[in-house]
Structures are given as C-alpha cells and as structure tokens.
Amino acid sequence: MNLFTKIFSEVQLIPPGRVATYGQIAKNFREKYHQSVSPQLVGWALHQNPKPFRTPCHRVVNKNGKLAAGFAFGGPAAQAQLLLKEGVTFLNPTTVDLSKHLFSFPSSGNLGVYRG
DNA sequence: AAGTTGACGACGA
DNA sequence: CTCGTCGCCAACT
C-alpha cells in the first residue's frame with residue numbers, strides 16, 4: 001500500500017452522484033490512516049492517476065466545487081460530462097452544486113470544508 | 001541533499 | 001470577482 005494507493009482508495013469511496021473536496025479527503029485520510037496529508041497531496045496524487053478510468057477522480061473537486069482545470073483526461077468538459085451522467089447538477093459549467101451533492105466520508109463525521 | 005512544484009485551502013486586500 | 005501571501009507535504013528535478 002503506497003501513500004497514493006491509499007488516497008486512490010479514499011477517492012473510490014465516493015459514490016456516484018456525489019462529489020468530495022480535496023480538503024475532505026485529506027482530513028478523512030488523517031482520521032482513517034493517522035497520517036499527515038495536505039489537500040495538495042490529494043490533488044497531486046490524483047494527478048499521478050495510474051488508472052484514470054478506474055479511480056473516480058472526476059468526483060473530486062476543489063473547495064468551491066470547481067472542476068480541475070488540468071483534468072488529466074479530456075479537460076473539465078469531460079469531467080463535467082461524467083458528473084452530469086451521474087445526476088450531479090452544476091451551478092456553472094465548471095462548478096458543481098456542493099450543497100446538493102457534497103459527500104461526507106464515514107467515521108469522520110461531517111468535515112465540511114465548504115464555507116457556504 | 002536542497003530547491004521547486006502542484007488537479008489545494010484559508011485569509012486579506 | 002481576481003490577485004497575492006502563507007501553510008501544507010510528498011514527489012520531482
């Protein structure tokens with residue numbers, strides 16, 4: 001189990017139709033694995049993205065629900081398409097509605113990074 | 001080993 | 001809203 005592998009596992013916990021923020025994943029990761037991680041590490045790990053279509057990285061967005069500008073496979077448009085097919089609604093072409101689709105990891109309660 | 005990077009987050013201007 | 005700054009931490013060079 002590499003560090004990144006663990007992060008990928010966390011990402012894979014996100015169910016269809018839901019999204020999570022990098023900060024959530026980072027916090028949940030510390031609770032679950034008792035390891036220090038930074039939100040950047042999460043994003044950075046996803047950039048490694050060994051298995052693009054196996055890891056649901058399209059369900060991971062930044063604190064404001066904004067899609068990753070440098071999405072590894074197809075850009076934000078492709079990511080948006082994947083999310084739309086899962087029933088996720090958008091506030092903007094590149095911003096998801098976190099108030100409706102934000103996912104909270106179990107065992108760490110509500111780690112709302114979203115300030116709304 | 002040392003400095004830079006990054007799909008981030010929070011706060012201030 | 002955008003832009004700058006600081007914090008964050010493993011990987012990259």
Side-chain angles (χ1 to χ4, degrees):
Chain A
M1 273 305 250
N2 295 326
L3 176 62
F4 285 7
T5 305
K6 295 176 185 173
I7 294 178
F8 298 142
S9 297
E10 292 300 299
V11 175
Q12 290 171 21
L13 294 179
I14 307 172
R18 300 275 175 217
V19 297
T21 68
Y22 297 91
Q24 274 187 289
I25 297 171
K27 282 187 175 182
N28 179 60
F29 193 95
R30 287 198 303 246
E31 291 292 327
K32 186 170 184 178
Y33 294 100
H34 301 274
Q35 260 183 58
S36 296
V37 290
S38 173
Q40 287 183 310
L41 264 296
V42 179
W44 199 70
L46 262 50
H47 188 158
Q48 298 298 299
N49 206 0
K51 304 188 175 184
F53 289 94
R54 163 140 171 59
T55 307
C57 21
H58 59 278
R59 301 193 190 124
V60 185
V61 296
N62 72 8
K63 60 178 178 181
N64 196 27
K66 187 84 166 51
L67 302 182
F71 197 57
F73 35 99
Q79 185 175 5
Q81 284 296 315
L82 293 172
L83 292 172
L84 283 170
K85 285 196 284 190
E86 296 180 353
V88 177
T89 56
F90 282 69
L91 299 175
N92 294 300
T94 56
T95 307
V96 303
D97 190 344
L98 288 181
S99 64
K100 293 181 182 175
H101 304 289
L102 182 61
F103 172 69
S104 296
F105 286 91
S107 79
S108 60
N110 184 7
L111 294 174
V113 178
Y114 175 62
R115 297 177 299 163

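The chains referred to below are lettered A, B, ... by the order of the sequence lines, with proteins before strands, and numbering in each begins at 1. Scope of the values below: all heavy atoms of this structure, side chains included, with no hydrogens, waters or symmetry mates. Not measured: the values here are computed from a predicted model.
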Which pair of non-hydrogen atoms, one from [X] and one from [Y], has the smallest distance, and what is that distance?
| X | Y | result |
| --- | --- | --- |
| A20(A) | I25(A) | CB-CG1, 4.5 Å |
| A68(A) | P76(A) | O-CG, 3.4 Å |
| V61(A) | Q79(A) | CG1-NE2, 4.3 Å |

Considering only NZ, NE, NH1 and NH2 on the basic side and carboxylate oxygens on the acidic side, decide whether E86(A) and R18(A) come within less than 4.0 Å.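 Salt bridge flag = no for R18(A) with E86(A).
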Under the ring-ring contact (aromatic ring centres under 6.0 Å, His included) test, residues paired with F29(A) that sit two or more places apart: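 With sequence neighbours excluded, F29(A) shows a ring-ring contact (aromatic ring centres under 6.0 Å, His included) to Y33(A), given in chain and number order.
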State the pairing partner of dT13(C); accept Watson-Crick or G-U wobble contacts with both distances under 3.5 Å, and report none otherwise.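 Answer to the pairing question: dA2(B), which forms a Watson-Crick or G-U pair with dT13(C).
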Strictly by modelled atom types, are N92(A) and T94(A) linked by a side-chain donor-acceptor pair under 3.5 Å?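 No donor-acceptor contact under 3.5 Å links the two side chains.
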Measure [atom1]/[X] against [atom2]/[N] and give the value in whole Å, please.
| X | N | atom1 | atom2 | value |
| --- | --- | --- | --- | --- |
| L102(A) | dG9(B) | CG | P | 12 Å |
| N62(A) | dG6(B) | CG | C1' | 14 Å |
| F8(A) | dA7(B) | CZ | P | 14 Å |
| I25(A) | dG9(B) | CD1 | C1' | 14 Å |
| K66(A) | dC8(B) | NZ | P | 10 Å |

Under 4.0 Å protein heavy-atom contact, by nucleotide of nucleotides 5-12 of chain C - B base, S sugar-phosphate only: ---BBSSS
